[in-house]
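Below is one structure, written out as structure tokens, with a few remarks after it.
Remember, it's a predicted structure, so these values are computed and weren't measured experimentally.
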There are 2 protein chains.
Amino acid sequence: MQALSGRFRNPLLGVTIYDIASAAGVSIATVSRVFNGHPRVSCAARDQVMEVADRLGYQPHVSARSLARRRANVVAAVIPMLTNLFFVDVLRGLQDRMAESEFDLLVFSARTLDEVDVQLDRALARGRAAGVLVFSTPLADARARRLGHTSQPVVLVDSVHPDFDSVSTDNVEGGRLAARHLLETGARRLALLMAHPDSIPASDRKQGFTEVLDTAGLDADSLRIVHASDPLHHGYSEAAGYDAMKRLLHAGDRPDAVFATSDVQALGALEALATAGLGVPDDMRLMGFDDIMLSRHVGLTTVRQPMYELGRLAAERLVTRIDDPDREPAHTVLSPRLVVRGTTVDTTVARSLRRIQPVAVS
Amino acid sequence: MQALSGRFRNPLLGVTIYDIASAAGVSIATVSRVFNGHPRVSCAARDQVMEVADRLGYQPHVSARSLARRRANVVAAVIPMLTNLFFVDVLRGLQDRMAESEFDLLVFSARTLDEVDVQLDRALARGRAAGVLVFSTPLADARARRLGHTSQPVVLVDSVHPDFDSVSTDNVEGGRLAARHLLETGARRLALLMAHPDSIPASDRKQGFTEVLDTAGLDADSLRIVHASDPLHHGYSEAAGYDAMKRLLHAGDRPDAVFATSDVQALGALEALATAGLGVPDDMRLMGFDDIMLSRHVGLTTVRQPMYELGRLAAERLVTRIDDPDREPAHTVLSPRLVVRGTTVDTTVARSLRRIQPVAVS
DNA sequence: GTGAAAGCGCTAACAT
DNA sequence: ATGTTAGCGCTTTCAC
């Protein structure tokens, strides 16, 4: 066995296939084949290569590999508003699925939807990622074109567009669940705390919500709608909820039930109510959307999105599409579920309900 | 201006510097120089190159770049227990700082400390990352050697080791703050809800905690210590806290104050108390550590770690070290802060305290 | 089954 | 200031 060749450098930093090849007495092609599970290699050669590689602590160089293969070994996730606990669970699902694949996960987070475009460009950089997951981002023309112009597989999470794979929750149905529940508790003067009006999920929830109210025969006056004033996080923030509730209370003619388009908003609203000295659910019923971890502790009634599954499925879909880029876009829609807690019904009732419908720990 | 050369492929997929060079009538070296901000290029050439690159939608290929430069364009963060809300805030700080740099962020999460080693290997793969951030991971010999053997810059977050840069909170001091506060509320029969005994942060908090009790002259009998039974998440979980509190109550001789080594544990403990029909703070005082977002809503007294700053500083430190790998390891220790809420003192008092010491929104 | 050789797209040292 | 050229470490034909 001859000594390591002239290519030898820092033994820890740069063991290359050349080093392995010369130490194992084979060509670099054989080494490469061994590391790519190529079938046409003799057992003898394979064993020899593996032994040497092990001894020298060889690791393939990821950039060299992806350059030669013309395929990146990471996927990118573009996530606006990581502050929203919603994304934490989704991210977990994503992580878990990706850990099983050959891909690593690049995370780009954005505080506003404008920042999303910047991060999207970073994520779509040539050779950067084998695929991109785009979270909760309305795909107006410019952005859709940008995504369409790339040959990279794209999967939309929590938003929908005909040209791309998507995984989302049935937000319209979620809105219906909320409306039905509030009506069932006896509420008649309702209010809707909206996120930014551009937000597709929020609009969908609104649609389902108002649809049920219409069907129930409530007139237009019985629903008040308050929009988030702050564009930050697209209105999905405690501050936005707090502020919206303040304005709602200030306007007089207090509603008896409020549906916020997200839990974070609802929590802000809850604080505004506490500050105003109002009790929940006695003075006002309140519910949110998402079922983030916090909501269980606070006892907030909400519509649960299967967040972890959302992340896992999205990752699954992306991996599938990377392997087969030419399939038709598929759209997966998950069902939301009502979770009744103490902010809409008397707590003793809520407790017994909770016992029947235990909180899922995903 | 001649047409694109034979190297021309998919106009969207693979515009290379060769395409730009021939279209702009310069050499590839000049194109490269323009894109690397090299000073010695004429304005004319620069403008011409930029114009063409813009028109053709050129983007440098990241893998090719990092291969040629011998430097990756991403940094990796290895994060155990992403479920713990603690990490969410740290991650935000990280993200914000990294967005300002040339580096993108690769996230590796692990559910247990064993998984950390697997993810660490992925993160340390040759050519993968320009640097690695390792979160909350005890660096026993094997792991420290593994990290020492790589030439990649490593920054420890929430743990300390002489060989590496680190950014952490003064956990011993945090433990002291907790003990002093509980003593001040009049508590005399104390209990400590520990995470896994291997956890360095938890041990440090314990050390500070017991130190103050000793100084105050409490005998050994007045402190009961319960360890997390479940190794998952290293004991930093609601389930662990719930279980530990159950065992504590079951053992009889109820303590009048409990310090949990993390907020998530404290929340679990809180549930166990509620289930047992015990009130807080009347029947028992309870406090945690971290000050995750949830704690404010629940009204949990706790010791706040500056999580966002932890993330930001760690990122800062890593970027610095990548630029200058030979500097001495630096250790930054941030100060924790007591945050008094309703689980240790009567709520009206807590409210007035809160007014004086408003919750920081980082 | 194996090796030689031609790239992958870029950077950087060396010329001029 | 600009071009030529030799890599970076790997994959992948194409011969044999």
Problem - Min side-chain heavy-atom separation A:I17-A:Y58 under 4.5 Å - result: yes
Practice task
Starting from P on C:dT16, measure out to CZ on B:R40 and report it in whole angstrom.
Solution key: 17 Å
Problem - Short N-O contact, A:D323 and A:R71, less than 4.0 angstrom - result: yes
Exercise for the section: Test for a donor-acceptor pair under 3.5 Å between the base of C:dG9 and the side chain of B:R69, counting only N and O atoms. Expected result: no
Exercise for the section: Consider only side-chain N and O atoms of A:S63 and B:S63, and report whether a donor and an acceptor are under 3.5 Å apart. Expected result: no
Problem - Under-4.0 Å side-chain N/O to phosphate OP1/OP2 contact, A:S27 with C:dG3 - result: yes
Problem - Phosphate-side-chain proximity, A:S63 and D:dG9, N/O vs OP1/OP2 below 4.0 Å - result: no
Practice task
Could you pick out which residue, B:A44 or B:R70, lies toward the 5' side of DNA chain D when each is mapped onto its nearest nucleotide?
Solution key: B:A44
Fill in the blank from the handout: The residue, B:P39 or B:A64, whose nearest nucleotide of DNA chain D is more 5′ is B:P39
Problem - Base of C:dG1 paired with side chain of A:R46 (donor-acceptor, under 3.5 Å) - result: no
Exercise for the section: Identify the two heavy atoms, one from B:P80 and one from B:F87, that lie closest to each other, and give their separation to 0.1 Å. Expected result: O-CE1, 3.2 Å
Exercise for the section: Remember a base hit wins even if backbone is also touched, and classify B:T30 as base, sugar-phosphate or nothing at under 4.0 Å, heavy atoms. Expected result: sugar-phosphate
Exercise for the section: With heavy atoms under 4.0 Å as the rule, sort A:V31 into base, sugar-phosphate or nothing. Expected result: nothing
Practice task
Answer yes or no: does a side-chain N or O of B:R126 lie under 4.0 Å from OP1 or OP2 of D:dC10?
Solution key: yes
Exercise for the section: Examine D:dC10: is either OP1 or OP2 under 4.0 Å from a nitrogen or oxygen in the side chain of A:Y58? Give yes or no. Expected result: yes
Problem - Nearest-Å distance for atom pair CZ/P, residues B:R33 and C:dA13 - result: 11 Å
Practice task
Could you tell me whether the phosphate oxygens of C:dC10, OP1 or OP2, come under 4.0 Å of any side-chain nitrogen or oxygen in B:S32?
Solution key: no
